[in-house]
Protein chains: 2
Amino acid sequence: MAPAIPGDIPEATVARLPVYLRALQDLADENLGTVSSERLAEMAGVNAAKVRKDLSHFGSYGTRGVGYDVEYLLFQIRRELGLTHDWPCVIVGMGNLGQALANYGGFRDRGFVVAALVDADRAKVGSTIAGVEVSHLDDLASLVRHHNISIGVIATPSPAAQGVADQMIAAGISSILNFAPVVLSVPEGISVRKVDLAVELQILTFYNERRAVVGSAD
Amino acid sequence: MAPAIPGDIPEATVARLPVYLRALQDLADENLGTVSSERLAEMAGVNAAKVRKDLSHFGSYGTRGVGYDVEYLLFQIRRELGLTHDWPCVIVGMGNLGQALANYGGFRDRGFVVAALVDADRAKVGSTIAGVEVSHLDDLASLVRHHNISIGVIATPSPAAQGVADQMIAAGISSILNFAPVVLSVPEGISVRKVDLAVELQILTFYNERRAVVGSAD
DNA sequence: GGTTGTGAACAAATTCACAGCG
DNA sequence: CGCTGTGAATTTGTTCACAACC
């Protein structure tokens, strides 16, 4: 949540860069050469001033009167995000979610390779998911070292999550994506992001309920 | 993203309520009667002033010198979030992720029932996942009416997502959780939240890269 | 004493509006 | 002219610090 190193780029901007990247990839696929902040904003679901302000943090990548060069901007944002090379990841917890993540094709095209799969249950160790053999949690450190992994994904049940995070950190992982509905405590310098599916739904119900009370539903 | 009805409660506060709820449920499970803002903050991964300010938007639920009554606060937050009853949901798209979501037990305990599963592929229609029969996308509207569904989860491939959203809205759904990596365009009054797994990882790589450049890795 | 509830100070993020440049 | 880049204005969110209260 807290940025490991403050840096001079606002957190809110960083969180939007991947969205711009996605939009730019679509534009590149359509062979569009340039794009205006307005069009890019529309594709990213934000407004044009925000796009320009966000991009201005990295320098002047656009041309007045013309717009932004798609390929050039694509390259710059990739560079800013550290996506000039693929990142090997390990997924810990081969339950429903872990398996789905392992099988999810969307990572490969966007810079991430599932290099290792791990579970604490020896019954699952040795099976193959999405072409990767499942290893035991005890081997985490050696897998991390061997594959040069710096990103860990936690898809375990809640009670196991903190322990797994501790082991990841001990093994040298510095970035964690946590799907378990618990708050992890980690030392300074470790980045954690969390995705709690029930939380997202609960936020939706808040607005749903409000609408029923305040507005005309239909 | 934009709140359907502005309301008088800050968006940032709303997004934290589910996290407090989770913490309070843990406290209730341990039979703790009261909790201080400090303790609650620690469990939620925020600071105490924020907890107090957040809760103050709903009135004075605490007792000075003592703290907050766990059960009472639990009830109030549930009420604010509209979690006094369960919410029937439909998941559209029975690929890896859709199936994992259908099987994920974490929803039931937190207020959500998977009432219907839908796919566009007739080969999948009729099979049963997590005890629910998969229906065809054509039957979405009747399922929504029949089960009184107001929350839709999109777990389809990107190109299908906007069409599915349109059909959901036409069927009367007003809250959408979107896992497809595209920006949905929806009319006013419809709430959308998105979860893009690759985006989360890409945000992590930004800080990872920075750390390597600026700080001492270990 | 201990802890809440909250105005006031501060910080972050967004939006405006327009000068500056191609 | 069109569109970027950016200071200034505004809005939103966070934190401080302490009076009010149990």
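Lettering follows sequence order; numbering is per chain, from 1.
Nearest-nucleotide assignment on DNA chain D puts the 5′-proximal partner with A:Lys53, out of A:Lys53 and B:Gly65. Between B:Ser56 and A:Lys50, the residue anchored nearer the 5' end of DNA chain C, judged by the nucleotide with its closest heavy atom, is B:Ser56. Residue whose closest nucleotide on DNA chain D sits further toward the 5' end, between B:Val66 and A:His57: A:His57.
Following rounding to the nearest Å, B:Arg52 (CZ) and D:dC21 (P) show an atom-to-atom distance of 16 Å. Between the OH atom of A:Tyr61 and the P atom of D:dT6 there is a distance of 12 Å, given to the nearest Å. In this entry the distance linking CG of B:Leu40 with P of C:dG2 reads 20 Å, nearest Å. Separating the CG atom of B:Leu73 from the C1' atom of C:dT4 is a distance of 13 Å, rounded to the nearest angstrom. Computed from coordinates, the A:Glu11 CD to D:dT14 P distance equals 11 Å when rounded to whole Å. Residue B:Arg39 contributes atom CZ, which lies 13 Å from atom P of C:dT4 at whole-angstrom precision. The CG-P distance, from A:Asp8 to D:dT6, rounds to 14 Å in whole Å. Note: CZ (A:Phe58) to P (D:dG5) measures 13 Å, nearest angstrom.
Atom CD of B:Gln25 is surrounded by more than 12 heavy atoms from other residues, nucleotides or ligands within 6.0 Å. By the 6.0 Å contact criterion, CG on A:Asp29 is enclosed, its count of non-hydrogen atoms from other residues, nucleotides or ligands being greater than 12.
In terms of phosphate contacts, B:Thr63 brings no side-chain nitrogen or oxygen within less than 4.0 Å of OP1 or OP2 of D:dC22. Of the side-chain N and O atoms in B:Tyr68, one or more sit less than 4.0 angstrom from OP1 or OP2 of C:dG5. Considering only side-chain N and O atoms, B:Asn47 lies nowhere under 4.0 angstrom from the phosphate OP1 or OP2 of D:dT14.
Checked by distance alone, B:Arg64 brings a side-chain donor or acceptor within 3.5 Å of a matching partner on the base of C:dT4.
Closest approach of A:Ala115 to A:Pro88, counting heavy atoms only: CB-CB, 3.8 Å.
Checked against D:dG13, C:dG5, D:dT4, the side chain of A:Ser37 finds its nearest nucleotide in D:dT4.
Between A:Phe107 and A:Tyr104, the ring planes lie perpendicular to each other; the angle is over 60°, past the 30° to 60° tilted range.
Residue contacts shown for A:Arg16 are limited to sugar-phosphate atoms, with no base heavy atom under 4.0 Å away.
The CG atom of B:Leu83 sits 7.5 Å away from the CZ atom of B:Arg78 when rounded to the nearest 0.5 Å.
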